[in-house]
2 protein chains.
Amino acid sequence: MKSSATAQEVARLAQVSQSAVSRTFTPGASVSEDTRNRVLAAAKTLGYRPNALARSLITRRSRIIALVMSYLQNQFYPLVIEKLSQSLQKQGYHVLMFISDLEETDGVLAEILQYQVDGIVMASAMLSPDLARQCAESGVPVVLFNRVPDISAFARHSTSSVTSDNHRGGRMVAELLLARGHRRIAFLAGLEKSSTNLERERGFHEVLEAAGVAVFRRAVGHYSFELAKEATRELFAGPDLPDAVFVANDHMAIAAMDVLRQELGLRVPEDVSVVGFDDVPQASWGAYRLTTVVQSVEDMVEATVELLHEQMREGTHPRNVVIPCRVVERDSVRAAG
Amino acid sequence: MKSSATAQEVARLAQVSQSAVSRTFTPGASVSEDTRNRVLAAAKTLGYRPNALARSLITRRSRIIALVMSYLQNQFYPLVIEKLSQSLQKQGYHVLMFISDLEETDGVLAEILQYQVDGIVMASAMLSPDLARQCAESGVPVVLFNRVPDISAFARHSTSSVTSDNHRGGRMVAELLLARGHRRIAFLAGLEKSSTNLERERGFHEVLEAAGVAVFRRAVGHYSFELAKEATRELFAGPDLPDAVFVANDHMAIAAMDVLRQELGLRVPEDVSVVGFDDVPQASWGAYRLTTVVQSVEDMVEATVELLHEQMREGTHPRNVVIPCRVVERDSVRAAG
């Protein structure tokens, strides 16, 4: 992960206040020649890029970034907290946690705004488009993490987002399973209205359809471990079984593998191939060795921090950043026959 | 988890400001008879316990509780973030994250204090006693989570803590393994100087010693997944193998099971029994079904929040709360032979 020097570090090295660093890089602001020279020398030594930060140093109120999440069971999200906290800390910001129930998102924004946060990162597939819009309307920079804005024109033009290329990832999974000779391919969906699920499924469908292969069976796990177990039982009921399953994230794919092996006595990948999405650390654990699509938390976090800084400056337009993803093959998909 | 009504909820029901709620419960503060009656009625309806909170409403500065953690890879810690955030949110507080490197804890306190936090929760086995002492000296309430204070007299008398009964837990593991006929029992240690490791190992040793059984072999995994794999290879090198391993936490126990089964071709529990500590969600996953000692995150978080409130009032003494723990048996320890 790239790290750039902070204004604090420049101030420390130059032995001046942070405000002096800020003034040095603000057109028209007052600063003595001596201070200015020391700041510029320190900035040069440390490779400090002033433009993005100088403005935010003046306008920022709290050095707090709110992070809104609905659930941490999926091991992807703790990684996001860790990486985002570390990245923001280096720039003198800290993450304030807001855990939001699925049903109870309305009160969250009022709470967040009481803290006069400098930005909001909404990192959950499960937050309502309403809340996303409220945040945007409040005038505080908002970055949606791992989800795209509501399809309404308003949200599209007012909110930045960072996702991985879920659509392309879904395509890659279908291509892999077809290449391995699978023709009875099931899909285990996450939250059906989430953009992650919609995009992954759309890409997956496109490739199967182009190959003249129908989705063999479909069930919904709502990104929950327990519901994914139920959905797996549903997919594998009846005499005709799928020979492969694409599961919309790793968290559910692990639940699916447990049911396939422990309850149904099926071997992975000999009897059925399984592919997930995310590449959480647990996907590489020896008992699962799950083939999956890598979403780079590091790249996604880096883009998020960049977007926050961008939005703190006036006159910038929201952007939707899409991070490329790739398949990592382990042992849960059969070799080419 | 118990939840009590918050001043916010009382204010909402009584249709008055939070300040009016606070004044109602502050001896000598001015409040109209009508307001006072409405607040008392609402407080009664909601079961609001005013004494603990009324003082903190007046003295609190930021409604922020700093949470210091070193690493989130161990799945126990994301649970702590989630439960602690949820519990504090109900009382109008939020958690500000501080991720601290093992080597770099010195700067953290200065950063924390810039935010004028109302309390600090240090939730990591890996923070230095020095930092713990600095926090206590700053006058901001500090609760150590999952670790006990430094053995120095100063820290013992100035810092509250919440741990599970690690010593008793270690005893229970030894009792279980002895009862199943194991006599060649190895120990895979975590961070050797952490109180969690020291206490778990001490209890484990006591029981083995009383039974006249020596620890068969010992290696150190430093609570790291990768280092625990190394330590497992070390424990199982040579012609004479352990027939059971107590691993100081689940995170490392899962790494150990991966090595035992995938690399060494050993069966769990037929060839070797494995016991962990924590009961993280992953311990119950079908591929591991790990027998372990349950640390109740809910109970530990509840005690932490209580201690924070206690310390916010003046004149209270630090307390060290110890939460009972218990063994949950799954499939990683052999049945009595």
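Letters A, B, ... mirror the listed sequences (proteins, then strands); counts begin at 1. We use all heavy atoms of the structure for the numbers below, so side chains are in, but hydrogens, waters and symmetry mates are not.
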Electrostatic pair B/R334-B/E270, nearest N-O below 4.0 angstrom: no

Do the side-chain N and O atoms of B/E82 and A/Q73 include a donor-acceptor pair separated by under 3.5 angstrom? yes

Ranked by heavy-atom pairs below 4.5 Å to chain A, first place among B/I64, B/V95, B/I254 goes to B/V95

Quick one: do B/I81 and B/M97 satisfy side-chain contact (heavy atoms from CB on, under 4.5 Å)? Show the steps, please. CA-CA 9 Å; B/I81 298 177; B/M97 296 293 308; 3.8 Å; yes

Residues, nucleotides or ligands: over 12 heavy atoms within 6.0 Å of A/E329 CD: yes

Salt bridge check, B/R12 against B/E9: does any charged N sit closer than 4.0 Å to a carboxylate O? no

So which of B/A66, B/A255, B/S85 has the biggest tally of heavy-atom pairs under 4.5 Å with chain A? B/S85

Would you please name every residue forming a salt bridge (Lys or Arg N to Asp or Glu O under 4.0 Å) with A/E234, sequence neighbours left out? none

So what's closer than 4.5 Å to chain B heavy atoms on A/I65: side chain, backbone, both or neither? neither

Look at the rings of B/Y93 and B/H309 and say which category their plane angle falls in: under 30° parallel, 30 to 60° tilted, over 60° perpendicular. perpendicular

Quick check on A/F98 against chain B: is it the side chain, the backbone, both or neither that has a heavy atom closer than 4.5 Å? both

What residues of residues 259-269 of chain B sit under 4.5 Å from chain A when you count only heavy atoms? B/R261, B/Q262

Between B/Y288 and B/R330, is there a cation-pi geometry (under 6.0 Å to ring centre, at most 45° from the normal)? no

Side-chain contact test, heavy atoms from C-beta onward, threshold under 4.5 Å: evaluate it for A/Q89 versus A/H94 and give yes or no. yes

What is the minimum heavy-atom distance between B/V305 and B/S87, and which atoms define it? CG2-OG, 3.4 Å

Partners of B/S296 by side chain to side chain donor-acceptor pair (under 3.5 Å), sequence neighbours excluded? B/D299

Considering only heavy atoms, give the residues of residues 271-287 of chain B separated from chain A by less than 4.5 Å, sorted numerically, with 'none' for an empty result. B/Q282, B/W285, B/G286, B/A287

